[in-house]
*Asks:* 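Below: one structure in structure tokens.
All chains are named by letter (A, B, ...) in the order of the sequence lines, taking the proteins before the strands, and each is independently numbered beginning at 1. FYI, side chains are in, hydrogens and waters are out, and symmetry mates aren't considered; it's all heavy atoms of this structure.
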2 protein chains.
Amino acid sequence: MVSSKDVAKYAGVSQTTVSRVVNTPHLVKEPTYRKVMAAIDELNYIPDGNARSLVQKKSDTIALISGPLYNPFFVETTTSIVNYANENGFKINVHFSNDENIEEIYNAIFEKKVDGIILSSVLLEDPVFEKLEKSGIPFILYNRKHENNKNFVEMDNEQAGYLATDYLFSLNHKEICWIGGPTEMSTFKGRYDGFLKAFQQNNAAINPEKIFIGKTSKENLYQTFLKVEELSEKPTAICAATDAIAIQMMDFYISAGYKVPEDISIIGIDNVKIGQHASINLTTVGISSPIDLGRIAIEKLIKMIQQQNKPCVQITEAVRLFERKTIIKKKKEA
Amino acid sequence: MVSSKDVAKYAGVSQTTVSRVVNTPHLVKEPTYRKVMAAIDELNYIPDGNARSLVQKKSDTIALISGPLYNPFFVETTTSIVNYANENGFKINVHFSNDENIEEIYNAIFEKKVDGIILSSVLLEDPVFEKLEKSGIPFILYNRKHENNKNFVEMDNEQAGYLATDYLFSLNHKEICWIGGPTEMSTFKGRYDGFLKAFQQNNAAINPEKIFIGKTSKENLYQTFLKVEELSEKPTAICAATDAIAIQMMDFYISAGYKVPEDISIIGIDNVKIGQHASINLTTVGISSPIDLGRIAIEKLIKMIQQQNKPCVQITEAVRLFERKTIIKKKKEA
DNA sequence: TAAAAAAATGGTTACGTAACCATTTAACTA
DNA sequence: TAGTTAAATGGTTACGTAACCATTTTTTTA
């Protein structure tokens, strides 16, 4: 491996000067600069990022802990986070969390000297939050938040759940299923609370049989689908806590011979891109802003890093309904 | 920042012993081990990965250069690559390439001491290949390959193009559009060659007006869609070089009021998961193996790293047709 | 129980870089 | 032109770790 010392010897200057050519060329005379650059090219020198990080205690790297990509929401946020960071001179270390490998991920992150952390995978009462704060590394949560309400960029989850559910009521749906993930996560908790609120405001009674809260893997959702099928009184509409869930349920229903929305109405939350596809046309609730949550969060994080201050970011984006074609209007009952 | 020296002092042992407790605990007596571990916990010590990489000249890290996630193919390969690597003790540094930011990506990769590189973004005649070989770092290409036919895991692209096109012919389609990316990429070249071969074998003449080769961004594909619309003789079927293209074209067609496959048949290549969704049901060609190309490639790469040898991996996976519902059988003309 | 072997621990060093301070060289200034 | 200041370059060090070799302690063996 060619080091700056090798370059220095080859060019007949000191290692210090090589370092200057690489990092602060304006401090170096033109002929010296050319001499050193020639040596760098000749020897194919590439600075060692590890050594640099060691001495500088920073890495121009941000760690991203994203949810799994089978949820298209994270496909979009990951893309926009990576792109924005790169445009601003930061590299991104992406980690995909399934909420089980969190421990390893944090080890990996803290071992490298990342300049910041942007993450979604956090529980409302997650003890890891304290660890993050103690580490002193700037960080921000996107999508989900922690119960202590610090450093997050989220959508108005309760309002989202409310809007989705209320929209179903407005189209005369009464028998509504809720399918969502564990309420230990702020997204699911907020959205479910909104769902409940809509029932209250519409003077409707919750039927516990129609509430499905559990893991959101394909297998689990299929079990849920089967349970819904077995209900004596089937729902006319499904309120899914995320578009990913909604799209998966659509798949089950259509594969089983049902028609959406004629046989069953489905609404999601997130306003994911693939839901806008003409073949899917998922009615959903999402943020009004054209910029996604990941992008908003990474902007804030980079500002925190560059300005070396750590304000408490608290952003709750407003949401609105996106009417598309997976909901049908029911006839009013007598 | 707490270092191993701090731990050593606190525990009353040498730094060397701390290092041993962390890396080779069997070389350390039980009471010493406990003493040091207590100190580690107490002081919240985390080894510095940069310093470690510096001295060890390795990082247990593999760089992944993936195509953009708006292509669902890369969503799946990225997921399986990251998961498999993590299961085997490697971290993954993901980079998303748009074939333009390649330079920066390579800089970033070579600055850190990655143990291996797995990449898709390479052109047939890419000069970067030589750079890779010279670096001495084990690497493997997945999806695409280089003209020199070294170190790749691909599908049988020509056969894929052939099967897709021949299937259209077998259902009496004559007016077939090809929509694909630049043939500087082995995938597009191979698939297009297969397309041509199918025309030959079916004694059909290529109509240059119906060949669209260019960038595969949404905007470009929309321009292509408009051009197809303006053709005096419209195609009855579209052979898309990738599922991503096919799914995008479906969106344009359906949004414009067409029905797929009644008004236009569409076939893709890749057998991407979202294409299997009941709302899309994209007929396509994909590898017969249930394990995706990324997964196959990362397995090989990790073997190369662990066994410290660099065999020339050349894998071309067999493909087959996946009949679904975006193709209609045409009536035979008189 | 003394000698030999094995196990456990410690001391010193290199890894490649940038920070820091020292020195030399060039450019002004009076 | 000497004196002063600024610009350019060099020398030395620390960063935190594991490799390597040296030393001490323990265990085994005769």
*Asks:* Give A:Thr32 one of three labels, base, sugar-phosphate or nothing, depending on what nucleic acid heavy atoms sit under 4.0 Å from its own.
*Replies:*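 Result for A:Thr32 = sugar-phosphate.
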*Asks:* Sub-3.5 Å donor-acceptor pair from the side chain of B:Ser135 to the main-chain atoms of B:Leu132, do we have one?
*Replies:*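 Such a contact is found between B:Ser135 side chain and B:Leu132 backbone.
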*Asks:* Output, in order, the C-alpha distance, side-chain angles, deciding distance and verdict of side-chain contact (heavy atoms from CB on, under 4.5 Å) for B:Lys145 and B:Val122.
*Replies:* CA-CA 7 Å; B:Lys145 72 176 179 183; B:Val122 78; 5.9 Å; no
*Asks:* What is the separation between atom NZ on A:Lys29 and atom P on C:dT24, rounded to the nearest whole Å?
*Replies:*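 It works out to 16 Å between those atoms.
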*Asks:* Does any pair with a residue in residues 35-76 of chain B pass ring-ring contact (aromatic ring centres under 6.0 Å, His included), and if so which ones, sequence neighbours excluded?
*Replies:*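 Not a single pair qualifies under ring-ring contact (aromatic ring centres under 6.0 Å, His included).
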*Asks:* Please name all residues satisfying side chain to side chain contact (heavy atoms under 4.5 Å, CB included) with B:Lys303, sequence neighbours left out, ordered by chain then number.
*Replies:*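 So B:Lys303 forms a side chain to side chain contact (heavy atoms under 4.5 Å, CB included) with B:Gln307.
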*Asks:* Between B:Thr216 and B:Phe188, does the side-chain contact (heavy atoms from CB on, under 4.5 Å) criterion hold? Intermediate values first, please.
*Replies:* CA-CA 11 Å; B:Thr216 56; B:Phe188 291 125; 4.1 Å; yes
*Asks:* Does D:dG10 have its OP1 or OP2 closer than 4.0 Å to a side-chain nitrogen or oxygen of A:Thr17?
*Replies:*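 For D:dG10, OP1/OP2 do have a side-chain N/O of A:Thr17 under 4.0 Å.
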*Asks:* For every nucleotide of nucleotides 14-23 of chain D, 5' to 3': is a protein heavy atom under 4.0 Å from its base (B), only from its sugar-phosphate (S), or from neither (-)?
*Replies:* -BBBBBB---
*Asks:* State whether B:Glu103 and B:Lys131 are salt-bridged, where the test is any N-O pair (Lys NZ or Arg NE/NH1/NH2 against Asp/Glu carboxylate O) under 4.0 Å.
*Replies:*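 Salt bridge: yes.
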*Asks:* Find the bend of the helix from C:dT1-D:dA30 to C:dA30-D:dT1 as the angle between its two terminal axes (five pairs each), to the nearest 10°.
*Replies:*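 Roughly 30° between the end axes, to the nearest 10°.
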*Asks:* Less than 3.5 Å apart, any donor N or O on the side chain of A:Thr16 or A:Ser19 sitting next to an acceptor on the other?
*Replies:*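 Short answer, no.
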*Asks:* Compare every heavy atom of A:Arg52 with every heavy atom of A:Asn23, then report the nearest pair and how far apart it is.
*Replies:*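 For A:Asn23 and A:Arg52, the tightest heavy-atom pair comes out as OD1-NH2, 3.7 Å.
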*Asks:* Give me the residues of residues 104-115 of chain B where at least one heavy atom lies under 4.0 Å from an atom of DNA chain C, by number, or none.
*Replies:*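 Hits under 4.0 Å, by residue number: none.
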*Asks:* Return a table of donor-acceptor pairs under 3.5 angstrom between the side chains of residues 310-317 of chain B and protein atoms on other chains or two or more places apart.
*Replies:*
{"unit_1": "B:Lys310", "atom_1": "NZ", "unit_2": "B:Gly136", "atom_2": "O", "d": "2.7"}
{"unit_1": "B:Gln314", "atom_1": "NE2", "unit_2": "B:Asn149", "atom_2": "O", "d": "2.8"}
{"unit_1": "B:Thr316", "atom_1": "OG1", "unit_2": "B:Glu154", "atom_2": "OE2", "d": "2.9"}

*Asks:* Let me know the distance between CG of B:Leu27 and C1' of C:dG10, rounded to the nearest Å.
*Replies:*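 About 14 Å, once rounded to whole Å.
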*Asks:* Check the orientation of A:Phe129 and A:Phe139. Use parallel for under 30°, tilted for 30 to 60°, and perpendicular for over 60°.
*Replies:*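 Perpendicular: the ring planes of A:Phe129 and A:Phe139 meet at over 60°.
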